[in-house]
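Since the structure comes first, as structure tokens, the remarks are kept for the end.
Just so it is clear, the values below take in all heavy atoms, side chains as well, and ignore hydrogens, waters and symmetry mates.
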Amino acid sequence: QVQLVESGGGLVRPGGSLRLSCAASRFTLDRYVIGWFRQAPGKEREGLSCISSYDGSTYYADSVKGRFTVSRDNAANTVYLQMNSLKPEDTAIYYCATARRTYYSGSYCLKEYSYDYWGQGTQVTVSS
């Protein structure tokens with residue numbers, strides 16, 4: 001059974017940074033594409049970023065491009081989402097997800113339906 005566990009969320013002031021982790025168990029994360037999503041209260045889940053296991057290529061939504069960076073540590077079986085210059089509108093529950101393929105082309109990697117397995121989420125609150 002594929003299991004993903006997010007961590008690293010919390011309360012941060014506007015302009016601050018957080019690094020989220022997505023740790024995998026019972027499968028080798030470096031073989032599969034990993035996506036990051038978020039869902040704010042009353043809103044649909046939004047795709048933020050993804051990283052390919054094929055060549056390490058990354059893709060970002062316009063809303064986070066230049067502020068968020070996705071990376072992977074294969075030795076740790078973990079994918080990270082570094083979030084800088086956080087804004088109050090970044091407040092949401094953040095999720096990582098995976099699918100049994102190495103990559104998605106373009107914006108497919110930001111689509112919720114592209115993924116089969118999801119973590120439980122970690123809360124990020126940006127507030128002064």
Side-chain angles (χ1 to χ4, degrees):
Q1 183 73 15
V2 171
Q3 186 172 13
L4 297 170
V5 178
E6 303 92 339
S7 61
L11 174 64
V12 63
R13 295 184 183 278
S17 298
L18 282 175
R19 188 179 76 161
L20 305 183
S21 299
C22 174
S25 62
R26 301 190 180 100
F27 78 105
T28 304
L29 187 147
D30 66 357
R31 297 180 181 177
Y32 305 110
V33 64
I34 301 294
W36 281 98
F37 293 75
R38 68 184 178 191
Q39 188 166 22
K43 295 189 176 181
E44 294 186 351
R45 195 169 293 189
E46 175 189 12
L48 304 176
S49 180
C50 69
I51 184 166
S52 162
S53 65
Y54 176 69
D55 59 2
S57 59
T58 57
Y59 191 88
Y60 297 92
D62 289 342
S63 59
V64 302
K65 196 175 296 182
R67 299 190 299 125
F68 290 11
T69 303
V70 61
S71 62
R72 62 197 314 151
D73 182 343
N74 292 335
N77 210 28
T78 301
V79 169
Y80 302 100
L81 185 68
Q82 177 67 42
M83 306 187 297
N84 299 328
S85 303
L86 284 163
K87 308 173 183 178
E89 51 264 42
D90 293 319
T91 296
I93 299 174
Y94 284 69
Y95 301 88
C96 62
T98 190
R100 292 192 179 274
R101 53 186 298 153
T102 59
Y103 78 101
Y104 281 112
S105 60
S107 63
Y108 281 105
C109 84
L110 302 184
K111 302 299 185 182
E112 193 173 350
Y113 58 70
S114 296
Y115 296 88
D116 304 308
Y117 305 99
W118 294 79
Q120 84 291 345
T122 185
Q123 176 71 47
V124 172
T125 302
V126 185
S127 175
S128 55

Quick check: is [Y] connected to [X] through a chain of hydrophobic side chains (ILVMFWY, heavy atoms under 4.5 Å apart)?
X      : Y     : result
Tyr59  : Leu81 : no
Tyr60  : Tyr80 : no
Ile34  : Val2  : yes
Val5   : Phe27 : no
Tyr108 : Phe37 : yes

Could you tell me whether a side-chain N or O of [X] sits under 3.5 Å from a main-chain N or O of [Y], the two making a donor and an acceptor?
X      : Y     : answer
Thr102 : Ser53 : no
Thr98  : Val33 : yes
Ser52  : Tyr54 : yes

If every non-hydrogen atom of [X] is compared with every non-hydrogen atom of [Y], which pair is closest and at what distance?
X     : Y      : answer
Ser49 : Leu110 : N-CD2, 3.4 Å
Arg26 : Gln3   : NH1-OE1, 2.9 Å
Ala92 : Gln123 : O-NE2, 3.4 Å
Ala99 : Ser114 : CB-O, 3.3 Å

Run the side-chain contact (heavy atoms from CB on, under 4.5 Å) check on Val124 and Arg38 step by step: do they pass? CA-CA 9 Å; Val124 172; Arg38 68 184 178 191; over 6 Å; no
Side-chain contact, heavy-atom cut-off 4.5 Å: Leu86 with Arg13? no
Taking the side chain as everything from C-beta on, heavy atoms only, tell me whether Leu20 gets closer than 4.5 Å to Met83. yes
Any chance you could lay out the side-chain contact (heavy atoms from CB on, under 4.5 Å) test for Thr78 and Leu29, step after step, and finish with the verdict? CA-CA 7 Å; Thr78 301; Leu29 187 147; 5.8 Å; no
Determine, step by step, whether Val64 and Trp36 satisfy the side-chain contact (heavy atoms from CB on, under 4.5 Å) criterion, reporting the C-alpha distance in whole Å, the side-chain angles of both residues, the deciding distance to 0.1 Å, and the verdict. CA-CA 11 Å; Val64 302; Trp36 281 98; over 6 Å; no
If you round to the nearest 0.5 Å, how far is [atom2] of [Y] from [atom1] of [X]?
X      : Y      : atom1 : atom2 : answer
Phe68  : Thr58  : CZ    : OG1   : 14.0 Å
Leu48  : Cys109 : CG    : SG    : 10.5 Å
Asn84  : Arg19  : CG    : CZ    : 11.5 Å
Asp30  : Arg72  : CG    : CZ    : 6.5 Å
Thr122 : Gln120 : OG1   : CD    : 7.0 Å
Leu11  : Leu18  : CG    : CG    : 9.0 Å

More than 12 foreign heavy atoms under 6.0 Å from OH of Tyr103: is that the case here? no
Is it the case that more than 12 heavy atoms not belonging to Glu89 sit under 6.0 Å from its CD atom? yes
Classify the ring geometry of Tyr104 against Tyr115: parallel below 30°, tilted from 30° to 60°, perpendicular beyond 60°. perpendicular
Can you label the angle between the Tyr95 ring and the Trp118 ring as parallel, tilted or perpendicular, going by 30° and 60°? perpendicular
Just do the side-chain contact (heavy atoms from CB on, under 4.5 Å) check on Lys87 and Arg67 with the steps written out, would you? CA-CA 10 Å; Lys87 308 173 183 178; Arg67 299 190 299 125; 3.9 Å; yes
Got a salt bridge between Lys65 and Asp62, using NZ or NE/NH1/NH2 to carboxylate O under 4.0 Å? yes
ring-ring contact (aromatic ring centres under 6.0 Å, His included) involving Tyr117 - partner list, sequence neighbours excluded: none
